[in-house]
Amino acid sequence: MFALVDCNNFYASCEKLFRPDLRDRPVVVLSNNDGCVVARSREAKALDIKMGVPVHHIKAEMRRYGIQAFSSNYALYGDLSRRVMTTLETLAPQVDVYSIDEAFLDVTGINRVMSFEAFGGQVRDTVARNVGLPVCVGFAPTRTLAKLANYAAKKYPATGGVVGLTETARQRRLMAKVPVDEVWGVGRKIAGKLQAMGITTALQLADADSATVRERFSVVLERTARELNGIPCIPWEDAPAPKKQILCSRSFGKPVQALAGLEEAVAHFATRATEKLRGGGQYAGELMVFVRTNPFKATAPQYSRSSSVRLVTPTQDSREVVRQALNLLRPMYRSGYDYAKAGVMLGELTDETGLQADLFEASTKDQFSDDRSTRLMSLMDDINRKSRASIRTARQSGPAAYAMRREHLSPAYTTDWKQLPRVT
DNA sequence: TCTGGGGTCCTAGGACCC
DNA sequence: TCTGGGGTCCTAGGACCC
């Protein structure tokens, strides 16, 4: 049996947590560069502020209703997320963190001690007491149904934020009311195609012939339909799967024209990506760099290129990744464009057991036990953990020309001594 | 002025093997 | 008249998720 625990309006709730004055006020959280709306409080949703809308489209509403906007503050959200997940780990034998604001819990057998509904209430109370954030809980025999139960818990306040979908009859009653595009795994495209076939509710998808679903769509949707029928198709994993790629990219706060500016950005993204790589104990065997202009600016000349390279010996050394990334960037660069975004992607990831020696290089031992590199990188990571970006590669200077716009940033209340909230 | 960032999985089709 | 059968690996692109 699965429980899905999902934080309500997560980013907006995080912002409200340290601003009791905003308790009943509409709040939105913006994407990087303060571009569009990525999270809305209950009050903002009630004002019909849409997810993903560019913030300049809703300037009038923001003024009229006094909507409070925040730049995204990932230091804060990431820390509060960790606190929520840590709390959940004390409540269930197995927790599968699915995203920054939700996790699946293995609750098999808990109903021998108390009802699922009672347990859900306990989860809500514990997270509220330990962290201060509101969550909803859905129970069901499959992940897809647990998602649906959670949807119902959020949508119908009378449920008290907890919904159990353990019986078939109850599952079917709810599915009959839920539009098919609310089902986990059914996006815009598939929903459109299903609707054209006359399938508009979750229940109709559950009842559709599975061979037809597989034939007209794919095995993925077939699994979804089976899960709606209570047949688990996405089991527990023994261990979280290792990452297959690591991407670090950012839109620029303002356009960058010069190669030097792009080099700075790419060096920075390469460094960040390699930090993440080391964090997971992995090595990269492939490196990709891309740059592009702003595709939304139709009048301006457009340019978009990417370039990649295989690394003969997989690496986790920032210096090597930066050097290779800059080598990819320079031949791609053309002058005369307003560059709006760049990124670095690491692929062909492997742990140390997957390392393969370069046949034409010195001894294998030298290639893999480069003690100097390992020690230097771990020293860099230690120092940078204590004080963000104290040590950089020379190509990253700062403050950068491409820096993000973050005009409505709240303090890092929980992760920086200098920004602790004050109570007066 | 102005539109995010970071991922996963599946499929189709081509190249190649014996 | 007419041209096998069975497979792997790789890539690009599409769909989805939060």
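Chain letters run A, B, ... following the sequence lines, proteins first and then strands; every chain starts at 1.
Under the 30°/60° scheme for interplanar angles, the aromatic rings of A/Phe104 and A/Tyr98 are found to stand perpendicular.
Applying the 4.0 Å criterion to OP1 and OP2 of B/dG5, one finds that A/Ser251 has a side-chain N or O inside that range. Contact annotation: A/Lys147 side-chain N/O to C/dC17 OP1/OP2 distance is not under 4.0 Å. Side-chain N/O atoms of A/Lys189 include one lying less than 4.0 angstrom from OP1 or OP2 on C/dA15. Between A/Arg405 and B/dT1, a side-chain N or O to OP1/OP2 separation shorter than 4.0 Å is absent. Within the 4.0 Å cut-off from OP1 or OP2 of B/dT3, not a single side-chain nitrogen or oxygen of A/Lys297 is found. A/Asn294 has a side-chain polar atom (N or O) that falls below the 4.0 Å cut-off from OP1 or OP2 of B/dT3. Close to B/dC2, at under 4.0 Å from its OP1 or OP2, lies no side-chain N or O of A/Lys254. Put simply, A/Arg223 has no side-chain N or O that comes within less than 4.0 Å of OP1 or OP2 on B/dC9. Between A/Ser99 and C/dC17 there is no side-chain N or O to OP1 or OP2 distance below 4.0 Å.
Across the protein-nucleic acid pair, A/Asn32 atom CG and B/dG4 atom P stand 9 Å apart, rounded to whole Å. Atom pair A/Lys243:NZ and B/dT8:C1' shows a separation of 11 Å (rounding to whole Å applied). Rounded to an integer number of Å, the gap from CG of A/Leu30 to C1' of B/dG5 is 15 Å. Atom CD of A/Glu286 is separated from atom C1' of C/dA12 by 13 Å (rounded to the nearest Å). Between A/Glu227 atom CD and C/dC17 atom P the separation is 14 Å, expressed in whole Å. The separation between A/His268 atom NE2 and B/dG5 atom P is 12 Å, rounded to whole Å. Remark: P of C/dC18 and CG of A/Leu4 are 9 Å apart, rounded to the nearest angstrom. At whole-Å resolution of the value, NE2 in A/His57 and P in B/dG4 are 12 Å apart.
Residue contacts for A/Tyr98: at a heavy-atom cut-off of 4.0 Å it reaches the sugar-phosphate backbone alone, with no base atom in range. Within the nucleic acid shown, A/Val55 has no heavy atom closer than 4.0 Å to any nucleic acid atom. Within 4.0 Å of A/Ile100, counting heavy atoms only, lies no atom of the nucleic acid at all.
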Worked verdict on A/Gln204 versus A/Thr200 for side-chain hydrogen bond (donor to acceptor under 3.5 Å, both in side chains): CA-CA 7 Å; A/Gln204 286 175 303; A/Thr200 59; 3.1 Å; yes

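Here the side chain of A/Gln245 pairs no donor or acceptor atom with the backbone of A/Leu346 at under 3.5 angstrom.
The side chain to side chain contact (heavy atoms under 4.5 Å, CB included) test with A/Glu320 is passed by exactly one of A/Thr274, A/Thr313, A/Leu287, A/Thr315: A/Thr315. Checking A/Glu182, A/Glu227, A/Glu102 one by one against A/Lys147, the salt bridge (charged side-chain N to carboxylate O under 4.0 Å, His left out) holds for a single residue, A/Glu102.
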